[in-house]
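Proteins get letters first, then strands, A, B, ... in listed order; numbering begins at 1 in each.
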Number of protein chains: 2
Amino acid sequence: MAGPHAIFPNLRVRSRERDLAAGQTLFRTGQRTIGAYQVLSGRVRLARVDRSGRETVLYTAGSGDMIAEASLFSSIYHCDAIASTAAKVRLYAKEGVLAEFKRNPEVAKSFMTRLARQVMDLRTRMELRNIHSARDRVRHYLALHAGADGATVAVKGTLKELAAELGLTHEALYRTLARMAAKAEIKRLDGRIIRMRALAASEADRS
Amino acid sequence: MAGPHAIFPNLRVRSRERDLAAGQTLFRTGQRTIGAYQVLSGRVRLARVDRSGRETVLYTAGSGDMIAEASLFSSIYHCDAIASTAAKVRLYAKEGVLAEFKRNPEVAKSFMTRLARQVMDLRTRMELRNIHSARDRVRHYLALHAGADGATVAVKGTLKELAAELGLTHEALYRTLARMAAKAEIKRLDGRIIRMRALAASEADRS
DNA sequence: CGAGTGATTGACTTAGATCAATGACCGTGG
DNA sequence: CCACGGTCATTGATCTAAGTCAATCACTCG
């Protein structure tokens, strides 16, 4: 959970913090947009309610995540935002941000950069989720997150969190890592995972 | 596949079409960026090659998808782009686009809008992929894509494509739909799926 | 009219989800 | 200072839904 860094690091865009109790609504579909938010702590879910009255979760934002970016370019919110846990959020007021974009193209550019990176990240994650085998998913993740040496992967946060990011149950992840370690495909030291034989890892696949 | 609409509908940003043969490289990691591309037909994959020489696919772009948006803000490409099939792409030259952004904030804004929407879309898809049960995944999808009446879902493309989007095998999708239809949870007419009893769909879950 | 593809269904297998239990750690309040 | 409640890490046993392989039928396209 690296402490959430500000969305607009370079400049003082008008922003305001707000605390939410669990279950509290941040905004609702149809309300006029006042800006985008960054979740500083806790979890906030975006959801839509269909005609039948049941809620469909679109996304659950955790610490550091931004929500309602698109609201900067729209006059009303298109989904509801509700705090799933007690949470703290920072509001970036729409007019302030847009005015700053117009005034200062560099800020607009850095925001676009941020969005573009997010798109890439998300696509990468999607591709990961398309891999069905837990082992291959882990391999893919390790390959993508290897440090400069191509072998060492620093695990940020807990393994449970990693499991969630990989779309696996934590048990499945533990087992997969254990099996890979048993086969000397990886080694584990404290918070790091070392990929051994990054080469030639396609054969010898008996459990 | 709905004909790909131009990325910059409003104005004539310098763009150029290019045809790729299957297997042909569009760009490689480390090359200087010349711009972003939109895939007009065929499929282009983004991939990284790890130190061991094996390729990890980050994303496969189909007709209408944009790739390398982030390259507009970076001086080098960070992954390889290779045509998986014969393909046609449109290049939006970096300088032209960036200059236009600076000159015309509205264009920048519309591009940001596009990126923001993409982020939201991707997050929504991610949330979908977090659902493990095929049936619930289909339900979630239907709820999200219901038309104005809250019940009718127009299926764009083939069911196989839908299966891919849902992250299911086509067999699994066929079976799930068949089962839901058998239980009168949905009805199917030509290309549409009608959600019956959108309400009260949580009980009665025997196969 | 055959080749290619989508849609569909059957049979079988298995990987991963689920349920469950244990040990290590950690902070905290009494 | 230590016992207790909570969470993470780990492993075992079991079950089932979804993947895999395979076959069939309907269509469409040259």
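Summarising the local packing, NZ of B:K187 is surrounded by 12 or fewer heavy atoms from other residues, nucleotides or ligands at distances under 6.0 Å.
For C:dG6, the OP1/OP2 oxygens have no side-chain nitrogen or oxygen of B:T158 closer than 4.0 Å. Between B:R179 and C:dT9 there is no side-chain N or O to OP1 or OP2 distance below 4.0 Å. When the side-chain nitrogen and oxygen atoms of B:T169 are compared with OP1 and OP2 of D:dA18, none of them lie within a distance under 4.0 Å.
Aromatic ring orientation, B:Y77 versus B:F27: parallel (interplanar angle below 30°, classes split at 30° and 60°).
What separates CD1 of B:I131 from C1' of C:dG16 is a distance of 18 Å, to the nearest Å. Rounded to an integer number of Å, the gap from CG of B:L166 to P of D:dA18 is 12 Å. In this structure, CG of B:L168 is placed 16 Å from C1' of C:dT8, rounded to the nearest angstrom. The nearest whole Å value for the distance from the NZ atom in B:K160 to the P atom in C:dT8 is 12 Å. Regarding A:D190, its CG atom lies at a distance of 16 Å from the C1' atom of C:dA24, rounded to whole Å. Put simply, CG on A:N130 is 16 Å from P on D:dA18, counting in whole angstrom units. The CE atom of A:M180 sits 14 Å away from the P atom of D:dT10 (whole-angstrom rounding). Between B:L162 atom CG and C:dA7 atom P the separation is 10 Å, expressed in whole Å.
In terms of position on DNA chain C, the residue among B:L159 and A:G167 whose nearest nucleotide sits closer to the 5' end is B:L159. For A:A172 and A:H132, each mapped to the nucleotide of DNA chain D holding its nearest heavy atom, the one lying further toward the 5' end belongs to A:A172.
The base of D:dT16 is not paired with the side chain of B:R135 by any donor and acceptor separated by under 3.5 Å.
With salt bridges taken as basic N to acidic carboxylate O contacts below 4.0 Å, one links B:R45 and B:E55. Electrostatic pairing of B:E69 and B:R114 does not count as a salt bridge here, judged by no charged N lying under 4.0 Å from a carboxylate O.
Side-chain atoms of A:R175 lie closest to C:dT18 of the nucleotides D:dA9, C:dA17, C:dT18. With distances taken from any side-chain atom of A:E171 to the nucleotides C:dT18, C:dA11, C:dA17, the minimum falls on C:dT18. Taking every side-chain heavy atom of B:S133 into account, D:dA18 is the closest of D:dA18, D:dA13, C:dT8. Taking only side-chain atoms of B:A178, from C-beta outward, the nucleotide of D:dA13, D:dA18, C:dT9 with the closest atom is C:dT9. Here the nucleotide nearest the side chain of B:Y174, chosen from D:dA18, D:dT10, C:dT8, is C:dT8. Here the nucleotide nearest the side chain of B:R188, chosen from C:dT8, D:dT10, D:dG19, is C:dT8.
Taking CZ of A:R43 as the reference point, atom CG of A:D65 lies at 10.5 Å (rounded to 0.5 Å).
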